[in-house]
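By convention in this document, chain letters (A, B, ...) are assigned in the order of the sequence lines, proteins followed by strands, and residues within each chain are numbered from 1.
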Protein chains: 2
Amino acid sequence: MAILPNMNEVNARPHREYIAEQAKIFKALGHPSRLLMVQALRDGEKCVCDLQTLIGADMSTVSRHLAVLREAGVVRSEKRGTNIYYALALSCLDTFLHCTGTLIAERIREKASLLGGGERAS
Amino acid sequence: MAILPNMNEVNARPHREYIAEQAKIFKALGHPSRLLMVQALRDGEKCVCDLQTLIGADMSTVSRHLAVLREAGVVRSEKRGTNIYYALALSCLDTFLHCTGTLIAERIREKASLLGGGERAS
DNA sequence: GCAAAGCATGGCTATTTTGCCAAATATGAA
DNA sequence: TTCATATTTGGCAAAATAGCCATGCTTTGC
């Protein structure tokens, strides 16, 4: 009855909780501001004020975004003095970000060459 | 001016298009039904009707979810005969799913042992 | 104690997402 | 052609999300 990552043992109705938790991670990463913050955190922990500067939104907005990431388990927070520092809590994320990043860079390059190279999209 | 996955060259304002595309991928994966379909596609391509059986929602709903995944570049579709077959288009996804899967399995186990083992949550 | 700085939360509105039904489209069979 | 099957799309209502302002909470400094 072990819960395996590839869910080999599950057929039509896999563990709902499992899927929901996993979807929560993706959903948390699925917003430009949150993804931007996560990308920034790859360089190391940052306080909320740093991330606010990065995003350029209201402090309350940034705080809510961070709450989403925290509740999904993507980041963790630690209070030191009057600041709260956020850090990545998902080690494998780095590899995946690199991978999707490469892919997207390719796509953007393709799109650019299609626009500039006189070729037609099918 | 190359667009690098880790965006070393970017400071306060990285390429918006890049971030938006990447967020789109995560957003697409951030819904239980869509994630469930993607998990199923790890075993190989499936037609929409297969996926409808899996999800148990209206065909139109399933079709819309697939459109989201397709537009994000997570899956690709191919028409053969009267069916349309969907397949994964993001090779690195498998590794990441395995990784987050392991993590979530741990979390669920922890939660279960906290509930059953008489320990208090802090 | 009081004020200020750093974050989080309540409350509100605008926007987006979801999911269903109905209708349109495309393909293969008769 | 006509019908049946497989899938997408239009349209709508309910639900969720995003972002702002104002307020509350906690820590530091005075």
Side-chain angles (χ1 to χ4, degrees), chain A residues 13 16 19-38 40-41 44-87 89 122, chain B residues 13 16 19-38 40-41 44-87 89 122:
Chain A
R13 202 124 64 99
R16 290 182 169 276
I19 287 288
E21 277 301 304
Q22 204 165 25
K24 206 164 147 188
I25 292 179
F26 285 114
K27 193 171 188 176
L29 293 166
H31 186 285
S33 297
R34 290 196 290 264
L35 188 54
L36 202 49
M37 293 195 284
V38 165
L41 289 178
E45 63 172 23
K46 304 211 182 310
C47 67
V48 181
C49 50
D50 290 338
L51 296 169
Q52 188 198 2
T53 305
L54 176 71
I55 300 303
D58 196 271
M59 168 74 85
S60 65
T61 299
V62 174
S63 182
R64 282 209 212 274
H65 279 312
L66 286 169
V68 172
L69 288 170
R70 194 168 7 94
E71 277 157 31
V74 176
V75 302
R76 72 181 116 70
S77 61
E78 185 189 346
K79 189 166 194 172
R80 284 206 303 276
T82 181
N83 288 346
I84 298 188
Y85 290 90
Y86 279 82
S122 62
Chain B
R13 204 124 66 101
R16 290 183 169 276
I19 287 286
E21 277 302 304
Q22 204 165 24
K24 206 164 148 188
I25 292 180
F26 285 114
K27 194 171 187 174
L29 293 166
H31 186 285
S33 296
R34 291 195 291 265
L35 188 53
L36 202 50
M37 294 194 284
V38 165
L41 290 177
E45 64 173 23
K46 304 211 181 311
C47 67
V48 182
C49 50
D50 290 338
L51 295 169
Q52 189 198 3
T53 305
L54 176 69
I55 299 303
D58 195 273
M59 170 74 88
S60 65
T61 299
V62 174
S63 181
R64 287 229 145 89
H65 279 311
L66 286 169
V68 172
L69 288 170
R70 193 169 5 94
E71 277 156 31
V74 176
V75 302
R76 72 181 117 68
S77 62
E78 186 189 344
K79 190 166 194 169
R80 285 207 302 277
T82 180
N83 287 347
I84 299 187
Y85 290 90
Y86 278 82
S122 63

Between the base of [N] and the side chain of [X], is there any donor-acceptor pair under 3.5 Å?
X     : N      : answer
A:R80 : C:dG6  : no
B:S60 : C:dC21 : yes
A:R64 : C:dG11 : yes

Does a side-chain N or O of [X] approach OP1 or OP2 of [N] to a distance below 4.0 Å, or not?
X     : N      : result
B:S63 : D:dT8  : yes
B:K27 : D:dT17 : no
B:H65 : C:dG19 : yes

- Name the residue closer to the 5' end of DNA chain D, choosing between B:R70 and A:R34 according to the nucleotide with the nearest heavy atom. B:R70
- Query: In terms of the nearest nucleotide of DNA chain D, which residue is placed more toward the 5' end: A:G81 or B:C47?
  - Reply: B:C47
- Which of B:R76, B:E78, B:R70 passes side-chain hydrogen bond (donor to acceptor under 3.5 Å, both in side chains) with B:Y86? Answer is B:R70
- Query: Hey, does the side chain of B:N83 reach the backbone of B:Y85 with a donor-acceptor pair shorter than 3.5 angstrom?
  - Reply: no
- Task: By nearest nucleotide on DNA chain C, pick out whichever of B:A57 and B:T82 is the more 5' one.
- Result: B:A57
- Task: Any chance you could measure B:K24, atom NZ, to A:L35, atom CG, to the nearest 0.5 Å?
- Result: 14.0 Å
Would you mind reading off the distance between [X] atom [atom1] and [N] atom [atom2], rounded to a whole angstrom?
X     : N      : atom1 : atom2 : value
A:L51 : C:dC7  : CG    : P     : 9 Å
A:I84 : D:dT27 : CD1   : C1'   : 10 Å
A:D58 : C:dC12 : CG    : P     : 18 Å
A:Y85 : C:dA8  : OH    : P     : 13 Å
B:I55 : C:dT18 : CD1   : C1'   : 13 Å
A:L35 : D:dA18 : CG    : P     : 13 Å
A:M59 : D:dA18 : CE    : C1'   : 17 Å
A:N83 : D:dG29 : CG    : P     : 12 Å

[X] side chain, from C-beta outward: closest of [options]:
X     : options                : result
B:T61 : C:dG19, C:dC21, D:dT7  : C:dG19
A:K79 : C:dT17, D:dT26, C:dA26 : D:dT26
B:H31 : D:dC20, D:dT7, C:dT18  : C:dT18

- Message: Applying a 4.0 Å non-hydrogen cut-off, can you work out what A:Y86 is touching in the nucleic acid: base, sugar-phosphate, or nothing?
- Response: sugar-phosphate
- Item | Qualifying residue for side chain to side chain contact (heavy atoms under 4.5 Å, CB included) with A:R34, from A:L29, A:V68, A:L66 | A:V68
- Given side chains that start at C-beta, do those of A:H65 and A:T61 come closer than 4.5 Å, heavy atoms only? yes
- Task: Mind listing the closest non-hydrogen atom pair of B:L69 and B:A28 along with its distance?
- Result: CD2-O, 3.7 Å
